[in-house]
Amino acid sequence: MNKQESEHSLFTRLRFVLVNTSSPGNIGSAARAIKTMGFSELVLVNPRFPDAVHEDEAVAFASGALDVLQNARVVGSVEEALQGCNFAAAVSARLREFSPPVVTPRALAGQLSQDIGLNAALLFGNERFGLPNEVVQKCQALINIPANPDYSSLNLSQAVQVLAYECRMTELELRGGPMQTSGDARAPGEVGFQGSSASVAEIEGMFDHLEQALVAIDFLNPDNPKKLMPRLKRMFSRAQLEAEEVNILRGIARQILAPKQAKAGAADKSSDKGEQNG
């Protein structure tokens with residue numbers, strides 16, 4: 001196995017997800033961008049053209065990266081695109097009030113490379129509208145490229161290239177590139193106990209469970225929720241939740257809901273008995 005493609009290498013743990021892409025040319029250019037940096041997994045969520053990977057413009061712009069383009073998966077939802085991932089980062093020039101933690105491409109690359117337990121996805125939005133808030137809130141990080149503040153407009157494939165480059169350079173330096181230091185080369189994430197990171201689907205399930213519990217104890221008014229859940233998602237996104245930690249939080253929610261559900265069940269039985277006696 002090529003050293004670059006070893007089991008724990010970021011080159012095999014990172015996927016690039018394009019959401020609602022309009023231009024087939026941008027899809028082809030993105031395939032070229034990630035292949036030049038040693039990556040290969042491309043996922044398309046609801047592209048404008050269902051058969052975008054075979055469009056002439058996509059093929060032309062891929063320019064030698066046809067293997068990446070032709071192997072790209074086309075899916076119908078972000079949830080499907082993130083299956084198998086335990087970390088997701090949204091790429092956006094627009095900052096949000098209740099976004100996950102904002103990081104630079106270089107900082108994010110370092111985190112992904114050092115933590116070999118992360119199977120990550122980088123999400124890029126539509127060329128004109130970017131990513132919707134509900135997608136950003138599913139992510140554990142918001143990547144903001146520190147471009148020229150007077151003109152920060154990047155083409156989609158350019159943004160893909162920046163992220164792919166930073167991830168490549170960080171991985172090569174950490175795993176044996178020219179800037180690796182001698183001595184103990186273990187990454188910080190490999191020292192001490194570390195559980196497996198929770199998947200995006202597990203975290204979303206936890207939030208649904210927690211929301212039910214908060215409604216049950218009247219802490220959250222479902223008719224007037226304000227911004228409680230986005231704030232909680234933002235808070236937990238900073239914690240890098242592990243699967244066991246998600247199970248603990250769901251266990252707490254289950255214990256909160258249990259008395260309420262038992263009481264409701266008893267009331268139903270009492271009602272049924274009254275109807276039978278009547």
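Residues take their numbers from the sequence shown, with the count starting at 1.
Residues M169 and E173 meet the side-chain proximity criterion, which asks for heavy atoms closer than 4.5 Å. V45 places none of its side-chain heavy atoms less than 4.5 Å from the side chain of E79. Within the 4.5 Å cutoff, the side chain of C167 has no heavy atoms near those of the P105 side chain. Looking at L228 and P225, their side chains never come closer than 4.5 Å, going by heavy atoms from C-beta outward. The side-chain heavy atoms of P47 and V74, taken from C-beta on, include a pair separated by under 4.5 Å. The shortest distance between side-chain heavy atoms of E204 and Q137 does not fall below 4.5 Å.
Heavy atoms of other residues, nucleotides or ligands lying less than 6.0 angstrom from CZ of F61 number 12 at most. For CG of D51, the number of neighbouring non-hydrogen atoms (other residues, nucleotides, ligands) closer than 6.0 Å is greater than 12.
Of the options Q240, R106, Q140, a side-chain hydrogen bond (donor to acceptor under 3.5 Å, both in side chains) to Q111 is made by Q240 and by none of the others.
Atom OG1 of T21 sits about 7.0 Å away from atom CG of N126, to the nearest 0.5 Å. For the atom pair CD1 of I34 and CG of L163, the computed distance is 11.5 Å after rounding to the nearest 0.5 Å. Atom CG of L131 and atom CG of L142 lie 8.5 Å apart (nearest 0.5 Å). Rounding to the nearest 0.5 angstrom, the gap separating the CG atom in L122 from the CG atom in L108 is 6.0 Å. Taking CG of L210 as the reference point, atom CG of L232 lies at 6.0 Å (rounded to 0.5 Å). S157 contributes atom OG, which lies 12.5 Å from atom CZ of F16 (distance to the nearest 0.5 angstrom).
Nearest heavy-atom pair across R238 and P101 is CG-CG, 3.1 Å. When all heavy atoms are compared, the tightest approach of R234 to P100 is CG-CA, 4.5 Å. Taking every heavy atom of both residues into account, V200 and A88 meet most closely at CG2-CB, 4.1 Å. Residues E202 and A198 come closest through the heavy atom pair OE1-CA, 3.3 Å. Taking each heavy atom of N20 and E127 in turn, the nearest pair found is O-OE1, 4.3 Å. When every heavy atom of N119 is checked against every heavy atom of N86, the shortest pair comes out as N-OD1, 2.8 Å.
Neither I27 nor V17 shares a network with the other; the hydrophobic side chains, linked directly or stepwise wherever heavy atoms of I, L, V, M, F, W or Y lie under 4.5 Å apart, form separate groups for each. With hydrophobic clusters built from ILVMFWY side chains whose heavy atoms lie under 4.5 angstrom apart, L42 shares a cluster with L156. Linking ILVMFWY side-chain heavy atoms closer than 4.5 Å, directly or via other members, places F129 and V19 in two distinct hydrophobic clusters. Residues L123 and L95 fall within the same hydrophobic cluster, defined by Ile, Leu, Val, Met, Phe, Trp and Tyr side chains chained together at heavy-atom separations under 4.5 Å. In the hydrophobic cluster analysis, where Ile, Leu, Val, Met, Phe, Trp and Tyr join through side-chain heavy atoms closer than 4.5 angstrom, V43 is grouped together with L82.
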The test is side chain to side chain contact (heavy atoms under 4.5 Å, CB included); show your working for I203 and F87 and say whether it passes. CA-CA 10 Å; I203 293 174; F87 186 92; over 6 Å; no
What verdict does the side chain to side chain contact (heavy atoms under 4.5 Å, CB included) test give for R13 and L10, after you've listed the backbone C-alpha separation in whole Å, the side-chain angles of each residue and the deciding distance to 0.1 Å? CA-CA 5 Å; R13 295 187 286 110; L10 185 58; 3.9 Å; yes
For the pair Q161 and M37, evaluate side chain to side chain contact (heavy atoms under 4.5 Å, CB included) and give the outcome as yes or no after the intermediate values. CA-CA 8 Å; Q161 187 77 77; M37 295 296 113; 3.5 Å; yes
Given the rule in the side chain to side chain contact (heavy atoms under 4.5 Å, CB included) test, do H54 and Q70 qualify, once you have shown the distances and angles that lead to the verdict? CA-CA 8 Å; H54 295 114; Q70 300 302 327; 3.0 Å; yes
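For N46 (side chain) and G76 (main-chain N/O), a donor-acceptor pair under 3.5 Å exists by modelled atom type. A donor-acceptor pair under 3.5 Å links the side-chain atoms of T170 to the main chain of E166, judged by distance alone. N144 places no side-chain N or O within donor-acceptor distance of the main-chain N or O of V91, the cut-off being under 3.5 Å. With hydrogens and angles disregarded, a donor-acceptor distance shorter than 3.5 Å links the side chain of T36 to the backbone of A33.
For residues 26-42, every residue pair satisfying the salt bridge (charged side-chain N to carboxylate O under 4.0 Å, His left out) rule, not counting sequence neighbours, is listed here: R15-E41, K35-D67, E41-R73.
Ring geometry for F39 versus F11: interplanar angle of 30 to 60°, hence tilted.
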